[in-house]
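Just so it is clear: chains get the letters A, B, ... in the order the sequence lines come, proteins before strands, and each one is counted from 1.
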Amino acid sequence: MAKELQKQYNPAQVEDRIYEFWEKGGYFKATPNSGKKPYTIVMPPPNITGQLHMGHALDNTLQDLLIRWRRMQGYEALWVPGTDHASIATEAKIVEALQKEGLSKEALGREKYLERAWAWKKQYGGRIVQQLRKLGSSCDWSRERFTMDEGCSKAVVEVFNRLYEKGLIYRGERIINWCPTCHTSISDIEVEYQEQQGHFWHIKYPLKDGSGYLQIATTRPETMLGDTAVAVHPEDERYAHLIGKTLILPLVNREIPIIADSYVDPQFGTGAVKITPAHDPNDFEVGLRHSLPVINVMNEDATINENGGKYAGLNRYEARKQIVADLQEQGYLVKVEDHAHNVGTCYRCSDTVEPWVSKQWFVKMKPLAEPAIEVVKNGTTKFVPERFDKIYFHWMENIRDWCISRQIWWGHQIPAWYCDDCGEVIVARSAPDTCPKCGSHKLTRDQDTLDTWFSSALWPFSTLGWPENTEDLQYFYPTNDMVTGYDIIFFWVARMIFSGVEQTGKSPFSTVFIHGLVRDAQGRKMSKSLGNGIDPLDVIKEYGADALRFTLATGVSPGNDLRFVEDKVRAARNFCNKIWNAVRYVLMNLEEGDAPSIPDTLAIEDKWLLSHYNRLVGEVTENLEKYELGIAAQKLYDFFWDILCDWYIELSKSRMQEGGESALRARQVLLYVLDGSLRLLHPFMPFITEEVWQALPCEGETLIIQSWPTPNPALDFVKEERDFNMVVEAIRAIRARRAELGVAPSKKARLNIQTDYASVFAQGAPFLQRLASASYVEIGNSFDPAGSVQVITDAARIFIPMAELLDLDKERARLEKEKAAAQNEIASIEKKLQNQSFVAKAPAAVVEAEREKLRKASERLAKIEESLAELPG
RNA sequence: GGGGAUAUAGCUCAGCUGGUUAGAGCGCACGCUUCACAUGCGUGAGGUCAUGGGUUCGAGUCCCCUUAUCCCCACCA
């Protein structure tokens, strides 16, 4: 960079080159048993179907920030990257691609289909991984994994077998959520409920003995084809005499009993509920309690099957229409009401999900949930922010069995075989060739695959080599931080915790750092259908990856959503430019042999800067430890821009011009503070800090592995910091006064300073000249106020001889105003200090701070009064 | 039905375990071709910290009520 010295930072010329430098240099690689303490993050694997979106950008920025920080702190920092096969989403894409060629997966056959799928994965699976590099993600790519690679697949088979052996996986005919479009079962959490405007149909079912009717109400009349009972509440007096009697199901003419079950709410509807065990989860339960037959009336594509008699073949909506029409015609329909109700939809395709009875595999959750609750209760694993543990507990405590089988082909095929001869079920780690029960060789493997989250649940340890007891696993597991969005706590985090605890005996991570969703400027969720998504790659192209990262990391408080506002990115880009130019300034003044160091002799402003810097080091580190990344970033920004650039660099200019020892020392201090600041900024903005750091005469080849600064008590120059603040305050006050009077900055003026801190102001004199337009600075005990504009600070009275601008009346009015303000301040502090309980109960430091404030305000007031008294006229 | 979040300057948001004269960026006004940066510099205007109570020597910060917006869970057919 030194040669070019462009005025503006151009990220496009830097980022790819720096990334390659790091990757080729092997700086992202972690080595087990290096003698350092391990620090591990396992990346939430993005779907191979996906493209990088803002959510990924946020998630990975936070992870990279933590990894880079810990790496610099001297940990053996490992960030494991990888991708997820995303069973349903990927299958949908492949099927779609096949359709375009006029093919179907059935026509192709499973084997050929899977070949196509793998080819597809090969072609697109690397895309998002490349995009992650653009962000600056410093993952150990040599350890990149895929949920369907050999190792992860082995882990899946192992876990399935273990759980089966323990009786925690079972196969059964249950009611599940069926998506007719995706053509598979989905788990309870994959169903999203949407409120829809529907109807409430009141239908009368005739009693078999001809003594009348029982009226029921339903939102889904088509399911009556599968009714096997009508239920009433056992204590409902209206219906007590009917319990045990038989009804004739209209249209179908099936005889069904009237049963009593407390599930029925007598207040709701008619107080009588049609029971369809095959098509409603609650009815299914009722059916079990009363041993009712289960009559499935639907096909996989949600058309009515042969059990639906004349309605067979109709889709669910046509069937509903027809049935309602027939009921009306035959006089069974009593009335129709409007009724808003929630309809379950598929979280992938949004089609209406059908509760449907079928044979599926399930994980028994209760025994797994208990220890998983325990590790969060006892603090082994913590949520940041804490409030998410409540959500976690609530879900875990009310968990139902997990349906894990999916009727699709892309994924981990279930390691279960069925004997064609005796029907024996064999779950095994590898394909068996004989049936252990009957000896038959005719075995057929289960056609289903596992829920994609089944393999994701094992991700923190399967990626480290489990079930083998690898070096990586021993050293890096359990991992430290899991960084993910709150939307995925149930799908993933909870399942990783119970899987980790069950399989490895350890919770997979100590902290779950939860972030929110990235929304658009109006606060709407970014989505394809709204077309309001902002492509992070576009942002990187326009503003640079560092600007994007800084934007995402600042103003983000844990767990809260954040709005993506382009103005913020622009501000971050400007900050990059500020860093660039600060370094450029130093390089322009650099002389042979300069290096970062703390000279033995320090000027007051050097100490002022170093003291600020030293405090920053401590605070930023503390903020990061508490996951307050946004606060840390804000502090770095303020320090760099305000303290370092606006003040120190400006102050240093006089010294640079003078040259000599003083200039040398200024350069050393500047280099020292820049070196440290760039280290602190590196996790937030890795590219520019690396680029610029390498151009500085700092020791070492690359910033990425430099040590993280630690506070140095020798740099706490409390007195000098306070003293120099008097000069800063004076400069500000003079500038303000001049601006108020409309004096052009180019118009220099003499400053006569009356102060009790003569030596401090003597040291500050050159700065008053440079930064407060002083032509000459004189420090003395008293000055003739005549013809002078006055500026009063806590520490000084400053006389600016500008007779032509002096309006005595205005001057007096202004001084009176300042006097009143000072008096008010003093009064309020005195009131506090006179309050005995304040002095007694407040911490000593707080009381002392109040006294200090009072002292300063009093000094100022005295000066104002003096000025007023001296005012001529 | 249950739980949670948010409400601070025109806009977007900080404000950690209670003690600041309540902050930042953008925007706005005024002034600057100051030899790192106009993606800049200086100065300034702008806030009853949603309402009402309470705890406390002291509350934007803790507790309760109310209002508004948003989210999650449950899913009475």
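- Atom P of nucleotide B:rA74 and atom NE2 of A:H341 are separated by 18 Å, given to the nearest angstrom.
- Rounding to the nearest 0.5 Å gives a distance of 9.0 Å between CZ of A:R320 and CZ of A:R316.
- Remark: the separation of the C1' atoms in B:rA29 and B:rC70 is 36 Å, to the nearest Å.
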Report task. For A:H202 and A:F200, run ring-ring contact (aromatic ring centres under 6.0 Å, His included): C-alpha distance rounded to whole Å, both residues' side-chain angles, the deciding distance at 0.1 Å, then the answer. Result -> CA-CA 6 Å; A:H202 290 249; A:F200 216 21; 5.5 Å; yes

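- In this structure, the CG atom of A:D188 is 8 Å from the P atom of B:rA74, given to the nearest Å.
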Dump every N/O contact between nucleotides 67-71 of chain B and the protein below 3.5 Å, one line per pair.
none

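- Interatomic distance, CG of A:D638 versus CG of A:L644, reported as 12.5 Å (0.5 Å rounding).
- Remark: the separation of the P atoms in B:rU21 and B:rU67 is 36 Å, to the nearest Å.
- Relative ring orientation between A:Y347 and A:F491 is described as parallel, the plane-to-plane angle staying below 30° on a 0-90° scale split at 30° and 60°.
- Taking the C1' atoms as reference points, B:rU55 lies 22 Å from B:rG15, given to the whole Å.
- Contact annotation: side chain of A:E622 to base of B:rC16, donor-acceptor pair absent below 3.5 Å.
- Atoms CD (A:E195) and P (B:rG1) sit 13 Å apart, rounded to a whole Å.
- A distance of about 33 Å separates the C1' atoms of B:rA5 and B:rC57, rounded to the whole Å.
- Note that OG1 of A:T551 is 10.5 Å distant from CG of A:D546, once rounded to the nearest 0.5 Å.
- Comment: A:K568 does not engage A:E566 in a salt bridge, judged by the lack of any side-chain N to carboxylate O separation of less than 4.0 angstrom.
- Residue A:R400 has a polar side-chain atom (N or O) positioned under 4.0 Å from OP1 or OP2 of B:rC75.
- Within the model, atoms CD1 of A:I829 and CD of A:Q834 stand 11.5 Å from one another, a figure rounded to the nearest 0.5 Å.
- To the nearest whole angstrom, the two P atoms, one in B:rG10 and one in B:rA50, are 13 Å apart.
- Across the protein-nucleic acid pair, A:R738 atom CZ and B:rC30 atom C1' stand 15 Å apart, rounded to whole Å.
- Here the CG atom belonging to A:L651 is positioned 7.0 Å from the CH2 atom belonging to A:W647, to the nearest 0.5 angstrom.
- Annotation: B:rC28 and B:rU69 have their C1' atoms spaced 28 Å apart (nearest Å).
- Atom OH of A:Y263 is separated from atom P of B:rC75 by 10 Å (rounded to the nearest Å).
- The existence of a salt bridge linking A:R220 and A:E354 is confirmed by a sub-4.0 Å separation between a basic side-chain nitrogen and an acidic carboxylate oxygen.
- In this pair, A:W395 and A:F490 present their aromatic rings parallel. The plane angle is below 30°, not in the 30 to 60° band.
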So which protein nitrogen or oxygen atoms get under 3.5 Å of nucleotides 4-6 of chain B's nitrogens or oxygens?
residue: B:rG4; atom: OP1; partner: A:K390; partner atom: NZ; Å: 3.3

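- Ion pair A:E859/A:R855 not flagged as a salt bridge, since none of the NZ, NE, NH1 or NH2 atoms sits closer than 4.0 Å to an Asp/Glu carboxylate oxygen.
- A salt bridge is defined here as a Lys NZ or Arg NE, NH1 or NH2 lying under 4.0 Å from an Asp or Glu carboxylate O, and A:E850 with A:K832 meets this definition.
- The side chain of A:R563 contributes an N or O atom lying less than 4.0 Å from OP1 or OP2 of B:rC13.
- When rounded to the nearest whole Å, the span between CG of A:L624 and P of B:rC16 equals 17 Å.
- A:H290 contributes atom NE2, which lies 11.0 Å from atom CG of A:D283 (distance to the nearest 0.5 angstrom).
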Report summary line: For RNA chain B, the dot-bracket notation using Watson-Crick and G-U wobble pairs below 3.5 Å, [ ] for pseudoknot-type crossings and | for other-strand pairs, is (((((((..((((.....[...)))).(((((.......))))).....(.(((..]....))).))))))))....

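- A salt bridge does not link A:D520 with A:R563: every distance from a Lys NZ or Arg NE/NH1/NH2 to an Asp or Glu carboxylate oxygen is 4.0 Å or more.
- Side chain of A:I631, nearest nucleotide from B:rG15, B:rU43, B:rC32: B:rG15.
- A distance of about 5 Å separates the C1' atoms of B:rA9 and B:rG47, rounded to the whole Å.
- Between the CH2 atom of A:W395 and the P atom of B:rC73 there is a distance of 11 Å, given to the nearest Å.
- The salt bridge (Lys or Arg N to Asp or Glu O under 4.0 Å) analysis of residues 821-831 of chain A, with sequence neighbours excluded, yields the pairs A:E825-A:R860.
- Here, B:rC35 and B:rC41 have their C1' atoms 14 Å apart, quoted to the whole Å.
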Dump every N/O contact between nucleotides 18-25 of chain B and the protein below 3.5 Å, one line per pair.
residue: B:rU21; atom: OP1; partner: A:K853; partner atom: NZ; Å: 3.2
residue: B:rU21; atom: OP2; partner: A:K853; partner atom: NZ; Å: 3.0
residue: B:rA24; atom: O2'; partner: A:Q634; partner atom: NE2; Å: 3.4

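- Ionic pairing of A:D567 and A:R570 is present here: one or more N-O contacts between side-chain nitrogen and carboxylate oxygen are shorter than 4.0 angstrom.
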Query raised in the report: Could you write nucleotides 36-41 of chain B as a row of B, S and -, 5' to 3', where a protein heavy atom under 4.0 Å of any base atom gives B, of only sugar-phosphate atoms gives S, and otherwise -?
Result: BBSBSS

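- Nucleotide B:rG1 holds its P atom 16 Å from the NE2 atom of A:H394, rounded to whole Å.
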